[in-house]
Structures are given as C-alpha cells and as structure tokens.
Amino acid sequence: MDCLFCKIVAGEIPAEIVHTTERTVAFRDLNPQAPTHVLVVPKDHYANAAELAAGAPVAAAELVTAAAAVATAEGCDDYRLVFNTGAGSGQTVFHTHLHLLAGRAFTWPPG
Ligand code: 5GP
Ligand code: ZN
C-alpha cells in the first residue's frame, strides 16, 4: 500500500522517532503547530481512529498511553490530543495518527 506513515513505520522514509512501543511509533510532525508536536501511529494500517479502535483496541489504547509517555518525557503536564477524521476535519494522511500538541496555551473551542 502506498501510505506515507506505513513507510515511516517501515523505516523507508526518515522521521525523527521519539518513542516506540510494541504496537506504536511516535515521531515529530514535519510542520509543528506547537513546541511539542508528535504524531503517534499504530504500526498496522488503519485509516482512522474509529477503524483502529474497532479492529485493534489494544493498539488504540496504546496510542494514548504512548502519547502520555512522550508528554511526560518532554516535561509537559498539559497537552492536547487530536484525531482528525475525514478530509473535512483536516485529515490529510489516511493512516490514523494521534496528534500530541504541547508546550503552549491552547484555545477552546478549536478552530
Ligand atoms: P492530519 O492533517 O492528517 O491530521 O495530519 C497529518 C500530519 O502529518 C500533518 O500535521 C503534517 O504536518 C504531517 N506530515 C505530513 N507529511 C509528513 C512527513 O513526511 N513526515 C512527518 N514527520 N510529518 C508529516
Ligand atoms: Zn499506512
């Protein structure tokens, strides 16, 4: 499958990997929107968060615990986790990824 994040998981495209677990890989976003902006992806391909949760619930939970571990490692107690789902929400890569954003103040509601 021609998938950017599958290629990062496979090591075929370089990325700054900051954390790995049995089922996940976390790497820095190429176009960071906060001082800490890390993407946590499952090693297996699922198009979005709901498909991951339905097909691999342990991996879905591991995305969250991995994101929390990265936040702790970066010294951030407060952070935002985002799953964009569908092009209308801003999803551009259809291999599910959890955005970890931290290191600045965030507004609510999001834009
Ligand atoms: P989405 O818009 O799908 O929620 O998030 C995709 C994210 O992937 C964007 O924040 C974008 O900056 C990031 N991204 C796109 N291509 C690459 C890449 O080749 N390497 C890395 N590290 N991040 C990427
Ligand atoms: Zn993929």
Side-chain angles (χ1 to χ4, degrees):
M1 181 186 298
D2 190 26
C3 169
L4 176 62
F5 289 173
C6 280
K7 288 178 179 168
I8 287 177
V9 168
E12 294 167 6
I13 289 176
E16 189 181 344
I17 292 171
V18 295
H19 190 73
T20 58
T21 68
E22 185 180 346
R23 299 172 188 81
T24 74
V25 177
F27 52 90
R28 294 199 192 281
D29 196 292
L30 202 57
N31 182 24
Q33 302 301 313
T36 292
H37 187 175
V38 168
L39 304 174
V40 191
V41 308
K43 291 179 179 174
D44 292 339
H45 182 94
Y46 291 88
N48 60 47
E51 289 191 11
L52 175 68
V58 174
E62 206 166 297
L63 286 192
V64 178
T65 53
V70 173
T72 298
E74 306 240 330
C76 299
D77 292 330
D78 301 331
Y79 53 86
R80 184 166 286 181
L81 302 179
V82 176
F83 285 114
N84 291 325
T85 303
S89 81
Q91 188 176 7
T92 58
V93 179
F94 290 84
H95 177 133
T96 194
H97 47 282
L98 179 57
H99 292 261
L100 164 65
L101 297 146
R104 65 169 172 84
F106 296 100
T107 57
W108 191 262

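Please read these numbers as outputs of a predicted model, since none were measured by experiment. Atoms within each ligand, like the ligands themselves, are counted from 1 in listed order.
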Candidate with minimal heavy-atom separation from atom 21 (C) of ligand 1, of N31, V38, V41, L30: L30
Tell me the protein heavy atom at minimum distance from [atom], and give that distance in Å.
atom: atom 15 (C) of ligand 1; value: L4 CD2, 4.1 Å
atom: atom 2 (O) of ligand 1; value: G90 O, 2.7 Å
atom: atom 22 (N) of ligand 1; value: R28 O, 2.9 Å
atom: atom 3 (O) of ligand 1; value: T92 N, 2.6 Å

Within reach of ligand 1, part of [X] (heavy-atom separation under 4.0 Å):
X: V82; answer: neither
X: N84; answer: side chain
X: I13; answer: neither

Measuring from the heavy atoms of [X], does anything fall under 4.0 Å of ligand 1?
X: H99; answer: yes
X: H97; answer: yes
X: A15; answer: no
X: F83; answer: no

Angle subtended at the Zn ion (ligand 2) by SG of C3 and SG of C6, nearest 10°: 120°
Where the Zn ion (ligand 2) is the vertex, angle from H45 ND1 to H95 ND1 to 10°: 110°
D29 N/O to ligand 1 N/O under 3.5 Å: yes
Close N or O approach (H37, ligand 1; < 3.5 Å): no
Which atoms form the tightest heavy-atom contact between [X] and [Y], and what is the distance?
X: P42; Y: V9; answer: O-CG2, 4.2 Å
X: Y79; Y: A68; answer: OH-CB, 3.6 Å
X: L101; Y: Q33; answer: CD2-CB, 4.0 Å
X: H99; Y: N84; answer: NE2-ND2, 3.7 Å
X: C76; Y: G103; answer: SG-N, 4.2 Å

Those atoms of ligand 1 less than 4.0 Å from some heavy atom in F27: 22 (N)
F5: numbered ligand 1 atoms lying under 4.0 Å from its heavy atoms: 8 (O)
Inter-residue atom distance T36.OG1 - D29.CG, 0.5 Å rounding: 12.0 Å
Interatomic distance, R28 atom CZ to L39 atom CG [nearest 0.5 angstrom]: 11.0 Å
Single-linkage hydrophobic cluster, 4.5 Å side-chain cutoff, L100 and V41 together: no
Residues K7, E12: salt bridge by 4.0 Å N-O rule: no
Parallel, tilted or perpendicular: rings of F27 and F5 (30°, 60°): perpendicular
Output field: ring centroids H95/H97 closer than 6.0 Å: no
